[in-house]
Amino acid sequence: MRWSRYFRSKEESDGLERVEKVVVFGGGSFGTAMGVSLARQNKAGQVTMLLRDPYLCKDINEQHCNTRYLKDYELPPNVNATTSAAEALAGAQFAIHAVPVQHTRAFLQGIKELIPPTLPIISVSKGIEVTSGQLMSEVIPSVLGKKQPTVYLSGPSFAKEVMMGRPTGIVAASKDKALARSVQRLFASPDMRVNTTTDVIGVEICGSLKNVLAIAAGIVEGLDLGPNAMAALVAQGCSEIRWLATKMGAKAATISGLSGLGDIMLTCYGSLSRNRTVGVRLGRGERLPDILASSSQVAEGVATAAVVVNLARKYRVQLPVLTAVAQVVDGHITAEQAVFEIMNLPQIEERP
Ligand SMILES: NC(=O)c1ccc[n+]([C@@H]2O[C@H](COP(=O)([O-])OP(=O)(O)OC[C@H]3O[C@@H](n4cnc5c(N)ncnc54)[C@H](O)[C@@H]3O)[C@@H](O)[C@H]2O)c1
Ligand SMILES: O=P(O)(O)OC[C@H](O)CO
């Protein structure tokens, strides 16, 4: 028997019963994209997005378009939106959490009384909370309780590519292997492959730090330093992420997998990356407040960069590239000064 037929028959034998409803927290580009991915396959009878903006709700419900974040794409008819958490959560069997990390705690605290304790939360948010230094796998349980089922989705996945139905590979990380497999079956499609892992820390720290490295990659692009410099920078950044992630308990397979190397390559080299774009504009001399004010979309690496400095200190790891991003983002040094300082660090032996 061909392996593909074997695995297909196995999946079909224990396939997920069709999900009647999925709620999406956060009606931005990725929450929309992942909800649409389910709605298109009719894997979820109804996808309801919980938004704050009643006007955007109206556009989604009447024009079938997320006119603010994905205006060029039509939404399937089984995607709707509401500003009512009670309405959004009613009957939902999974929740996709796509609210930016820095706003997650307040958001969840505002609706936690309405969230059933057995509702699986599938977090797609990538970053580290500045106020606590916590990953999403710490923030969500700290608000909803440690028994709330949670899965953390990460990997090389631009929202627009998902909306276009282009092949995408991601990782579903959970300590609950059966839950990770359920989420794998929920999102798996001819357009989306979903690996599973129990290495939640590894998936989360890689997904968070790659955003910081992408800002550095953008700076190299913005300064027009060329492909040699870009390759050297990304390689150094990969080492720094490996050193820190390993110290934090990440598995090597995760670091070299989709949520690590895969997402690093996509975000550092992919022009769709918001984090990379922030770096490009910093490299061209724009001020960070002007850059952030000009976009309605989040670049999680800007906030996460500040936390990297504390993590480097806590785990006693030298992270010259990742910490330089924090200094540029804070305005302590310019992009040019960051490059000068890194290039003039002592010449060293390659570290494992
Ligand atoms: N866009 C992508 O390609 C992509 C891919 C993978 C993962 N992600 C991650 O998904 C998360 C969401 O990113 P996005 O791209 O959808 O962001 P976005 O900027 O497109 O949208 C953010 C959404 O969060 C909402 N929001 C902001 N502050 C809020 C608050 N205080 N309370 C409630 N809602 C609030 C906004 O209204 C908006 O709907 C991020 O952590 C991002 O790193 C994004
Ligand atoms: O646009 P970015 O930089 O937030 O990256 C989006 C996704 O995380 C890519 O995997």
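Every heavy atom of this structure was used, including side-chain atoms; hydrogens, water molecules and symmetry mates were not. Just follow the structure's listing: the first ligand is 1, and inside any ligand the first atom is 1. For the single chain, residues carry numbers from 1 onward in sequence order.
For atom 5 (C) of ligand 1, the closest non-hydrogen atom on the protein side is S157 O, 3.0 Å. Summary of contacts: the protein heavy atom closest to atom 13 (O) of ligand 1 is V298 CG1, 3.9 Å. Among protein heavy atoms, the minimum distance from atom 12 (C) of ligand 1 is reached at A98 O, 3.3 Å. Counting protein heavy atoms only, atom 21 (O) of ligand 1 is closest to G28 CA, 3.2 Å. In this structure, the protein non-hydrogen atom closest to atom 24 (O) of ligand 1 is P100 CD, 3.1 Å. Closest to atom 10 (O) of ligand 1, if we only count protein heavy atoms, is V124 O, 3.5 Å. The protein non-hydrogen atom at the shortest distance from atom 14 (P) of ligand 1 is S29 OG, 3.7 Å. Atom 38 (C) of ligand 1 has as its closest protein heavy atom Y69 OH, 3.4 Å.
By the 4.0 Å heavy-atom criterion, G27 is counted among the residues contacting ligand 1. Residue G155 places a heavy atom under 4.0 Å from ligand 2. Under a 4.0 angstrom heavy-atom cut-off, E300 registers as lying outside contact with ligand 2. Ligand 2 lies out of reach of A214, whose nearest heavy atom is not under 4.0 Å from it.
Only the side chain of E300 comes within 4.0 Å of ligand 1, counting heavy atoms alone; its backbone N, CA, C and O stay farther away. Only side-chain heavy atoms of R274 come within less than 4.0 Å of ligand 1; its backbone N, CA, C and O stay farther off. Residue contacts with ligand 1, taken as heavy atom pairs separated by less than 4.0 Å, involve F30 via backbone and side-chain atoms alike.
Between atom 34 (N) of ligand 1 and the options M163, H103, R52, the minimum heavy-atom separation is to R52. Summarising the contacts of atom 5 (O) of ligand 2 with R274, Q297, K210, the nearest heavy atom is found in K210.
In terms of polar-atom proximity, A159 is counted as a contact of ligand 1, with an N or O under 3.5 Å from an N or O of the ligand. Where the criterion is an N or O separation shorter than 3.5 Å, residue side chain and backbone included, G26 fails it with respect to ligand 1.
The contact set between ligand 2 and D263, taken as ligand atoms under 4.0 Å from a residue heavy atom, comprises 9 (C), 10 (O).
No side-chain heavy atom of V183 sits under 4.5 Å from any side-chain heavy atom of T196. In this structure, the side chains of I122 and H97 stay at 4.5 Å or more apart for every pair of heavy atoms.
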> For L119 and Q148, what are the C-alpha separation, side-chain angles and deciding distance, and is it a side chain to side chain contact (heavy atoms under 4.5 Å, CB included)?
Replying inline: CA-CA 7 Å; L119 178 68; Q148 191 80 35; 4.0 Å; yes

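Residues I333 and I215 share a single hydrophobic cluster, defined by chaining ILVMFWY side chains whose heavy atoms lie under 4.5 Å apart.
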